[in-house]
Chemist: 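This is the structure I have questions about; it appears just below.
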Amino acid sequence: MKKPDGKVVLLGDMNVGKTSLLHRYMERRFQETVSTVGGAFYLKQWGPYNISIWDTAGREQFHGLGSMYCRGAAAVILTYDVNSLQSLTELEERFLALTDSASADCIFAIVGNKVDLSDDCTSAPDENRPRKSGASCGSKVRKQVHAEDAIALYKKILKYKMLDEKDVPAAEKMCFETSAKTGYKVDYLFETVFDMVVPIIVRQKAEGPPQTVDITDYKPAKRTKSGCCA
Ligand SMILES: Nc1nc2c(ncn2[C@@H]2O[C@H](COP(=O)(O)OP(=O)(O)OP(=O)(O)O)[C@@H](O)[C@H]2O)c(=O)[nH]1
Ligand SMILES: [Mg+2]
């Protein structure tokens, strides 16, 4: 297997459609999924580079693995379901801290999936009315999360990472709405992210492997009978 040059990780609550987005992009179809256990990855050739795209489990019981998958990541795709405000809230409360192990110049994309269930309900919410889950809008449900909510989260992420807005891609560019079911904006999402990841890969390669000690390589010195080291 070719060694990946860079890493992109999908994070987000269970059921938001991370696996379905990856299937749609890599296999060009929408198929029934089972809830992910642990994590899995695909390799994507992008120009001269191999990019690994990691699909992680949203289930709480696998939460501890998240920061391991994020280690050294050049991009993190934070995914929510546009019909679940809770799934957006979880990104900030549960998933953002997992990205501490990502590359220092990691880019963040925020993706609202399942727009096919509500895409005729894009008008701004009535601020005086609570956002009721499942409220009807024509034949579809009213969207619970709007583009401005995702943009607000992006700005919170910048604060959390202590990044200046002028040094990173604009929020409007990094917040996407997709449908893994219809394929809406799925290619656009991944390809925008891959293009942005290339300069990070180039820098990571120029700097060489991270200066860390691999403790699995450690072999204790042989002890002689007298207790001194050989
Ligand atoms: N209508 C619609 N359903 C979707 C879409 N994407 C995913 N689904 C459905 O939502 C459910 C969950 O999708 P998954 O891709 O397994 O979700 P996940 O985020 O990988 O979930 P975990 O692996 O548990 O973290 C499945 O029944 C999918 O068929 C979409 O864009 N539109
Ligand atoms: Mg999954």
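First listed ligand is number 1; within each ligand, the first listed atom is number 1.
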Chemist: Is it true that a side-chain atom of Ser84 and a backbone atom of Asp81 form a donor plus acceptor pair closer than 3.5 Å?
Modeler: no

Chemist: CZ of Arg71: more than 12 outside heavy atoms within 6.0 angstrom?
Modeler: no

Chemist: Which residue pairs pass the ring pair (Phe, Tyr, Trp, His ring centres under 6.0 Å) test with at least one member in residues 48-69, sequence neighbours excluded?
Modeler: Phe41-Trp54, Trp54-Tyr69, His63-Phe95

Chemist: For the pair Asn113 (side chain) and Ala180 (backbone), establish whether a donor and an acceptor sit closer than 3.5 Å, ignoring hydrogens and angles.
Modeler: yes

Chemist: For the Mg ion (ligand 2), report each protein N, O or S atom nearer than 2.8 Å, sorted by chain and then by residue number.
Modeler: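 Near the Mg ion (ligand 2), the protein supplies Thr19 OG1, Thr36 OG1.
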
Chemist: Under the ring pair (Phe, Tyr, Trp, His ring centres under 6.0 Å) definition, can you give me all pairs with a residue in residues 156-179, not counting sequence neighbours?
Modeler: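 Those involving residues 156-179 are Phe176-Tyr188.
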
Chemist: Okay, side chain of Asp55, backbone of Ala40: is any donor-acceptor separation there less than 3.5 Å?
Modeler: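 Judged by distance alone, no pair lies under 3.5 Å.
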
Chemist: Does Gly12 offer a backbone N or O that forms a donor-acceptor pair with the side chain of Thr79 under 3.5 Å?
Modeler: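 Not confirmed, Thr79 side chain does not pair with Gly12 backbone.
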
Chemist: Please tell me if the side chains of Val76 and Cys106 come closer than 4.5 Å, counting only heavy atoms from C-beta onward.
Modeler: yes

Chemist: Under a 4.0 Å heavy-atom cut-off, what residues line ligand 1?
Modeler: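 For ligand 1, the contacting residues are Asp13, Met14, Asn15, Val16, Gly17, Lys18, Thr19, Ser20, Phe30, Glu32, Thr33, Ser35, Thr36, Ala57, Gly58, Asn113, Lys114, Asp116, Leu117, Ser179, Ala180, Lys181.
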
Chemist: Using the salt bridge (charged side-chain N to carboxylate O under 4.0 Å, His left out) rule, pick out the option among Lys44, Arg28, Arg24 that qualifies with Asp187.
Modeler: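 Checked Lys44, Arg28, Arg24 against Asp187; only one passes salt bridge (charged side-chain N to carboxylate O under 4.0 Å, His left out): Arg28.
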
